[in-house]
There are 2 protein chains.
Amino acid sequence: MIYGAEDIFRDFLQGKDLKFTHERITVLREISRLKRHFDIEELYITLRKKDRKVSRASVYRTVPLLVESGLVEEIKTIDTHTYYEYTFGKEHHDHLICLKCGKIIEFHSEKLEHIQDEVCRKEDFSGVRHVLEIQGYCKKCG
Amino acid sequence: MIYGAEDIFRDFLQGKDLKFTHERITVLREISRLKRHFDIEELYITLRKKDRKVSRASVYRTVPLLVESGLVEEIKTIDTHTYYEYTFGKEHHDHLICLKCGKIIEFHSEKLEHIQDEVCRKEDFSGVRHVLEIQGYCKKCG
DNA sequence: TCTTATATTGAGATTGTGTCTCAATATCAA
DNA sequence: TTGATATTGAGACACAATCTCAATATAAGA
């Protein structure tokens with residue numbers, strides 16, 4: 001039996017005595033269809049267009065749950081805007097963000113992860129997740 | 001002759017053909033007085049209370065300039081809120097943020113910096129600054 | 001399947017952050 | 001001192017995100 005994102009989400013919700021509602025599934029399904037990084041407003045509009053009936057409030061309420069469950073990650077950029085990314089089935093990665101063209105380059109470094117674990121141990125801190133963004137200029141904008 | 005934050009800011013502004021105004025100095029001075037992390041709204045209110053005459057718009061316009069000049073850094077937290085920190089004279093550091101009590105622990109790792117440089121080289125990316133935040137639970141909230 | 005306690009939803013009001021406008025004013029180099 | 005140009009401030013505005021609360025859905029037990 002395949003253990004998919006929806007199973008993870010259901011278990012997560014059950015563990016917190018929250019309910020596995022149509023609205024929450026709809027939001028999760030739509031996110032899993034999106035290839036790129038997205039923001040909540042955009043997600044809501046997409047759902048409206050497809051005539052899926054989920055209110056704005058519910059979309060805004062569901063995304064943080066998905067983040068908490070580990071299926072979605074938050075990306076903060078230079079501007080005030082907050083983006084999200086569906087990360088189920090993807091290896092964890094961090095981002096290089098071009099300050100000029102906005103291009104997002106993904107990268108992963110095992111060494112980096114390792115050092116972060118070290119830092120947490122040293123500070124007696126139990127790390128749950130991290131955000132690492134390097135801002136600068138990509139090859140083209142260099 | 002001592003080369004202080006105001007000199008750096010003046011030079012930064014001159015280099016961009018921007019003017020070294022009373023309002024900008026006032027904002028910088030107030031920030032340098034603040035010990036903790038701050039947000040712009042709070043900074044604006046503090047200035048009002050002290051009867052320094054700087055408009056909200058100017059405070060909001062000045063902080064990004066200070067970030068660009070390198071005197072101030074942006075800290076993004078889990079919530080939507082954006083915080084800032086006066087970093088002149090301080091060694092660069094990253095943050096551990098407790099998801100429960102909000103405590104912010106600062107740390108610095110030379111190794112971490114080094115690996116980031118490596119990543120940038122590899123991706124042909126010219127890094128300007130970075131944001132690294134590890135979210136989790138501090139000793140007390142463990 | 002029915003019941004029931006509890007969580008969730010939606011529509012719209014509301015909050016709060018941050019940006020914009022534009023006439024009046026300050027800056028700074030010549 | 002002058003003049004070209006950047007900046008300021010007050011308040012309107014844009015927008016993301018949250019809150020309210022009555023109506024409704026969920027899930028577990030009978």
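Quick note on labels: first sequence line is chain A, next is B, and so on, each numbered from 1.
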Peer 1: Quickly work out the B/Lys53 NZ to D/dT8 C1' distance and round it to whole Å.
Peer 2: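 In whole Å, D/dT8 C1' lies 14 Å from B/Lys53 NZ.
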Peer 1: Once you round it to whole Å, what is the distance between P of D/dT7 and CZ of B/Phe9?
Peer 2: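 Taking atom P of D/dT7 as the reference, CZ of B/Phe9 is at 10 Å.
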Peer 1: Does the side chain of B/His108 come under 3.5 Å of the side chain of B/Glu110 through a donor N or O and an acceptor N or O?
Peer 2: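 Indeed, the side chains of B/His108 and B/Glu110 share at least one donor-acceptor pair under 3.5 Å.
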Peer 1: Which of these passes side-chain contact (heavy atoms from CB on, under 4.5 Å) with B/Tyr44: B/Val27, B/Val59, B/Val63?
Peer 2: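 Considering B/Val27, B/Val59, B/Val63, a side-chain contact (heavy atoms from CB on, under 4.5 Å) with B/Tyr44 is found only for B/Val59.
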Peer 1: Any non-hydrogen side-chain atom of A/Leu18 less than 4.5 Å from a side-chain atom of A/Arg24?
Peer 2: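 They are in contact (side-chain heavy atoms under 4.5 Å apart), so the answer is yes.
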Peer 1: Taking side-chain hydrogen bond (donor to acceptor under 3.5 Å, both in side chains) as the test, write out the residues that go with A/Glu85, two or more places apart.
Peer 2: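 Partners of A/Glu85 by the side-chain hydrogen bond (donor to acceptor under 3.5 Å, both in side chains) criterion, ordered by chain and then number, come out as A/His37, A/Lys90, A/His93, A/His95.
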Peer 1: Just wondering, are more than 12 heavy atoms of other shown residues or ligands nearer than 6.0 Å to NE2 in A/His22?
Peer 2: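 Not more than 12 within 6.0 Å, no.
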Peer 1: Give the B/S/- string for nucleotides 24-30 of chain C, one per nucleotide from 5' to 3', where a protein heavy atom under 4.0 Å of the base yields B, of only the sugar-phosphate yields S, and otherwise -.
Peer 2: ---BS--
Peer 1: Think A/Tyr60 has a side-chain N or O under 4.0 angstrom from the OP1 or OP2 of D/dT18?
Peer 2: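 No, no such contact exists.
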Peer 1: How bent is the helix from C/dT1-D/dA30 to C/dA30-D/dT1, measuring the angle between the end axes built from five pairs each, rounded to 10°?
Peer 2: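 Rounded value for the end-axis angle: 50°.
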Peer 1: Rounded to the nearest angstrom, tell me the gap between atom CD1 in A/Ile25 and atom P in C/dT9.
Peer 2: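 Those two atoms, CD1 and P, are 11 Å apart.
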Peer 1: Tell me the interatomic distance from A/Tyr83, atom OH, to D/dA16, atom C1', rounded to whole angstroms.
Peer 2: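 Answer to the nearest Å: 12 Å.
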Peer 1: To the nearest Å, how far apart are A/Leu65 CG and C/dA7 P?
Peer 2: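 Whole-Å distance recorded here is 14 Å.
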Peer 1: Using salt bridge (Lys or Arg N to Asp or Glu O under 4.0 Å) as the criterion, list what pairs up with B/Arg121, not counting sequence neighbours.
Peer 2: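 B/Arg121 satisfies salt bridge (Lys or Arg N to Asp or Glu O under 4.0 Å) with no residue once adjacent residues are dropped.
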Peer 1: At a heavy-atom distance below 4.0 Å, what parts of residues 38-46 of chain A sit against DNA chain D?
Peer 2: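 Nucleic-acid contacts, sorted: A/Glu41.
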Peer 1: Please state how far atom NZ in B/Lys16 lies from atom C1' in D/dA6, giving the value in whole angstrom units.
Peer 2: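 From B/Lys16 NZ to D/dA6 C1': 14 Å.
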Peer 1: Between the protein and nucleotides 10-12 of chain D, list the N/O to N/O atom pairs that are separated by less than 3.5 angstrom.
Peer 2:
none

